[in-house]
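Worth knowing before you read on, the calculation uses all heavy atoms, side chains too, and leaves out hydrogens, waters and symmetry mates. All chains are named by letter (A, B, ...) in the order of the sequence lines, taking the proteins before the strands, and each is independently numbered beginning at 1. Note that the structure is a prediction, hence the values are computed from the model and not measured.
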Protein chains: 2
Amino acid sequence: MRNDVRERRTADGLSQAALASALGVSRQTVNAIEQGRYLPSLPLAFALALHFGVRVDELFHPDPEDLP
Amino acid sequence: MRNDVRERRTADGLSQAALASALGVSRQTVNAIEQGRYLPSLPLAFALALHFGVRVDELFHPDPEDLP
DNA sequence: ATCGGATGTCAAGGTAGCTTGACATCGCCC
DNA sequence: GGGCGATGTCAAGCTACCTTGACATCCGAT
């Protein structure tokens, strides 16, 4: 599951910490999601998409192999 | 976080068990998601949306209060 | 030369998503 | 009036998500 969080965050000139606090999560969570260390929950995925003004499917791109 | 899983599943004439096996999850998981007992993971939300041929935001509707 | 902001990463702990297995109820069909 | 498919629900257990707290590194500015 790829995502465009880092690209959109840096395009907005935000630090990981700034994005994290805007979303109400920890900085480590943003870092882990950007690096693909784990996937966000559904509400967090919605919160990220809402923050960047895009849809969930525009921010997260499931690979064929992680869909059942 | 409301969702339209039950409506779409019954519209397709599927049982919870049939949908579950089509998605590669357990029947209890489908039941719990339909009843709002817990939220699906992001890949499962994508799998559900893909199965019904809609986008994630067309299937799941976050309430304002569950967005941070 | 060093201070601060930004990032990467680890450990330990809590909670939520998901599992299997089991049991109960309901409605329908034979 | 018994059987069966569909649904609801529980318990116990595993893993993933997310937390706080800490420490290391890397630049860029002073």
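Taking atom CG on B/Leu19 and atom P on D/dT7, their separation rounds to 10 Å, with Å as the unit. As a whole-Å value, the separation of B/Arg27 CZ from C/dT19 C1' is 13 Å. For the pair A/Tyr38 OH and C/dG8 P, the computed distance is 13 Å after rounding to whole Å. Across the protein-nucleic acid pair, B/Leu44 atom CG and C/dT19 atom C1' stand 13 Å apart, rounded to whole Å. The CG-P distance, from A/Leu14 to C/dG5, rounds to 17 Å in whole Å. Residue A/Ile33 contributes atom CD1, which lies 15 Å from atom P of C/dT9 at whole-angstrom precision. Between B/Arg9 atom CZ and D/dT7 atom P there is a gap of 5 Å when expressed in whole angstrom units. The CG-C1' distance, from B/Leu39 to C/dC18, rounds to 13 Å in whole Å.
Across all strands, B/Ser26 comes closer than 4.0 Å to base atoms (heavy-atom distances). Backbone-only engagement by A/Gln35 is indicated by non-hydrogen atom pairs under 4.0 Å involving sugar-phosphate atoms exclusively.
Residues A/Ser41 and B/Leu39 have side chains not in contact (no heavy-atom distance under 4.5 Å, counting atoms from C-beta outward).
With distances taken from any side-chain atom of A/Gln28 to the nucleotides C/dG8, C/dA22, D/dG21, the minimum falls on D/dG21. The side chain of A/Gln16 has C/dT7 as its nearest neighbour among D/dT9, D/dC18, C/dT7.
At the phosphate of C/dT7, neither OP1 nor OP2 sits under 4.0 Å from any side-chain N or O atom of A/Asn31. Neither OP1 nor OP2 of D/dT7 sits under 4.0 Å from any side-chain N or O of B/Arg37. Taking only side-chain nitrogens and oxygens, A/Ser41 never comes nearer than 4.0 Å to OP1 or OP2 of C/dG17. Taking only side-chain nitrogens and oxygens, A/Thr29 comes nearer than 4.0 Å to OP1 or OP2 of D/dT19.
Contact annotation: side chain of A/Glu34 to base of C/dG8, donor-acceptor pair absent below 3.5 Å.
To the nearest 0.5 angstrom, B/Gln35 atom CD is 11.0 Å from B/Asn3 atom CG. To the nearest 0.5 Å, the span separating CG on A/Leu19 from OG1 on A/Thr10 amounts to 10.5 Å.
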